[in-house]
2 protein chains.
Amino acid sequence: MSINSLIRIVIVEDDKLIREGFSLLISSTYGYRVVGSYASCEEALRQLEEDQPEVVLMDIELPGMGGIACIEKIKKARPGTNVIVVSVYDQPGLVFEALCAGAGGYLTKNMQPARLLEAIRDIQEGGAPMSTSIARMVVQSFQKNRNSPLTARETEVLEHLARGKSYSSIASELFIDKETVRTHIKNIYFKLEVHSKAEAIEKALRVTS
Amino acid sequence: MSINSLIRIVIVEDDKLIREGFSLLISSTYGYRVVGSYASCEEALRQLEEDQPEVVLMDIELPGMGGIACIEKIKKARPGTNVIVVSVYDQPGLVFEALCAGAGGYLTKNMQPARLLEAIRDIQEGGAPMSTSIARMVVQSFQKNRNSPLTARETEVLEHLARGKSYSSIASELFIDKETVRTHIKNIYFKLEVHSKAEAIEKALRVTS
DNA sequence: GCGGAATCACCCAATTTGCGTGATTCCGCA
DNA sequence: TGCGGAATCACGCAAATTGGGTGATTCCGC
């Protein structure tokens with residue numbers, strides 16, 4: 001981006017008041033330019049090529065096509081476009097779906113308006129603006145179940161299992177016998193009250209969140 | 001936390017200058033109190049029970065015990081303690097290890113000093129303070145391989161495979177025949193140039209990062 | 001109408017998995 | 001000093017899973 005180029009921004013938001021509020025805020029700031037402002041995903045996508053936005057501010061809860069699907073389409077059509085979700089919802093499921101779909105940031109609507117401009121700058125510089133409550137969700141998704149009933153070794157075995165490894169592979173990677181792996185897995189199943197690989201993995205992942 | 005209680009903070013940082021700088025900054029701010037300041041993990045752990053910190057500011061690159069191991073021990077001994085990593089390194093590996101070990105925030109040392117106080121407040125309020133560059137890493141770890149050679153259906157099958165499901169389970173969950181699942185998986189293996197479940201999962205996960 | 005995507009079918013051999021029922025060693029803690 | 005948990009290894013057995021091969025059909029978009 002050259003120094004004196006404007007950042008081209010598109011807003012997708014069905015609430016007229018919010019949409020115009022954002023638009024006004026951004027447009028009145030030097031260096032930013034709102035090139036499109038739409039109430040639906042469909043409209044935004046139709047104009048996407050023409051608008052050539054660098055950043056899209058996207059509401060998730062939209063009539064018609066949902067915001068998640070829209071993010072996917074935008075990233076597919078113009079992979080370089082940065083999408084920042086601006087949502088009232090902070091349900092984990094929605095957040096992860098949005099991030100997986102390609103959103104590069106996630107803000108909740110109760111933010112300070114100035115945070116919006118900061119977020120746009122952040123994402124253009126390679127950052128990932130997130131409300132701290134959202135960040136916590138994301139971070140927690142990494143944290144292993146600290147109160148696991150499993151021992152360290154069992155957890156280790158389970159991790160390998162979750163990566164699709166067979167008993168034999170796990171054995172050789174941990175330098176133990178296949179039989180030992182089998183014993184660990186029996187104990188894991190017993191402790192987690194499950195009876196198969198898939199159940200164990202699911203339970204292990206789920207306890208985390 | 002009662003309104004007029006101080007937030008108890010411990011600093012673990014081997015650079016004396018930085019340590020004392022942080023300490024001074026925090027101590028001179030109303031509502032915050034540095035109850036311990038150590039150059040090594042070992043010292044910090046020894047004093048942990050006595051210090052009873054609510055927040056630990058932790059350097060990662062430390063002599064002796066590494067910061068990652070230290071985070072684990074802290075979270076094990078006092079699960080309620082919030083650990084914020086303050087590091088010069090922003091290598092993905094280190095970041096993920098720290099988060100998995102239980103860190104609730106991750107800042108790089110080139111931040112504004114005031115950001116430190118904000119981060120401590122954030123984490124006490126249930127947020128997850130992160131430098132935006134770190135946040136980007138974390139976010140990217142969620143984003144699926146958008147340029148996958150796999151079709152949508154194949155990706156879907158692979159996702160189920162990664163969750164430890166058997167061909168049969170996948171079939172019934174996708175309302176298709178087991179044979180169809182097998183065909184998809186054969187195609188997946190061919191496209192990814194792999195010959196087993198584990199390899200496919202590994203490759204699928206790795207392309208992302 | 002060609003090709004890709006998605007669907008289904010059958011054969012085969014090797015491996016994997018889940019379960020039961022054991023044993024041994026080592027280590028920490030009471 | 002002994003108990004229990006953790007980690008290690010062993011054997012048998014039946015069912016299920018897996019990977020590979022070689023097909024076919026339908027549907028849709030370009």
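Each chain gets a letter, A, B and so on, in the order the sequences are listed, and its residues count up from 1.
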Checklist entry - Has A:Lys178 got more than 12 heavy atoms of other residues, nucleotides or ligands less than 6.0 Å from its NZ? => result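 Incorrect, the count does not exceed 12.
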Testing the basics here: between [X] and [Y], what is the closest heavy-atom pair and its distance to 0.1 Å?
{"X": "B:Met137", "Y": "B:Val95", "value": "SD-CG2, 3.9 Å"}
{"X": "A:Asp15", "Y": "A:Glu13", "value": "N-OE2, 3.0 Å"}
{"X": "B:Ala200", "Y": "B:Leu192", "value": "O-CD1, 4.1 Å"}
{"X": "A:Glu199", "Y": "A:His195", "value": "OE1-N, 3.1 Å"}

Item to check | Given DNA chain C, 5'-ward residue of the pair A:Lys186 and A:Lys178, judged by closest heavy atom | outcome: A:Lys178
Next on the checklist: Judged by each residue's nearest nucleotide on DNA chain C, which is more toward the 5′ side, A:Ala198 or B:Ile176?
Outcome noted: B:Ile176
From [atom1] of [X] over to [atom2] of [N], roughly how many Å is that when rounded to an integer?
{"X": "B:Ile188", "N": "D:dG20", "atom1": "CD1", "atom2": "P", "answer": "13 Å"}
{"X": "B:Lys197", "N": "D:dG19", "atom1": "NZ", "atom2": "P", "answer": "6 Å"}
{"X": "B:Asn187", "N": "D:dG19", "atom1": "CG", "atom2": "P", "answer": "14 Å"}
{"X": "B:Ile185", "N": "D:dT17", "atom1": "CD1", "atom2": "P", "answer": "12 Å"}
{"X": "B:Glu179", "N": "D:dG21", "atom1": "CD", "atom2": "P", "answer": "15 Å"}

Item to check | Sugar-phosphate only, base, or nothing, as touched by A:Ser166 at under 4.0 Å among non-hydrogen atoms | outcome: sugar-phosphate
Checklist entry - Which part of the nucleic acid does B:His184 contact within heavy-atom distance under 4.0 Å: base, sugar-phosphate only, or nothing? => result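 Contact class for B:His184: base.
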Item to check | Start and end of the DNA chain C segment that chain B contacts, any atom under 4.0 Å from a heavy atom | outcome: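 Result: C:dA5 to C:dC11.
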Main-chain N/O of [Y] paired to [X] side chain as donor or acceptor, under 3.5 Å:
{"X": "B:Thr132", "Y": "B:Ala135", "answer": "no"}
{"X": "B:Tyr189", "Y": "B:Lys197", "answer": "yes"}
{"X": "B:Ser131", "Y": "B:Ile134", "answer": "no"}
{"X": "B:Arg136", "Y": "A:Gly127", "answer": "yes"}

Next on the checklist: Less than 4.0 angstrom between a side-chain N/O of A:Thr183 and OP1 or OP2 of D:dC9, yes or no?
Outcome noted: no
Checklist entry - Side-chain N or O of B:Tyr189 less than 4.0 angstrom from OP1 or OP2 on D:dT18? => result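 For D:dT18, neither OP1 nor OP2 has a side-chain N or O of B:Tyr189 closer than 4.0 Å.
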Checklist entry - In degrees, rounded to 10°, what is the bend between the two ends of the helix from C:dG1-D:dC30 to C:dA30-D:dT1, using five pairs at each? => result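 One end's axis against the other's: 60°.
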Checklist entry - On a plain distance test, is the side chain of A:Arg182 in donor-acceptor contact with the base of D:dG12 below 3.5 Å? => result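 Answer is yes: a donor-acceptor pair is held.
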Checklist outcome for this item: Comparing nearest nucleotides in DNA chain D, the 5'-proximal residue of the pair A:Lys191, A:Asp177 is A:Lys191
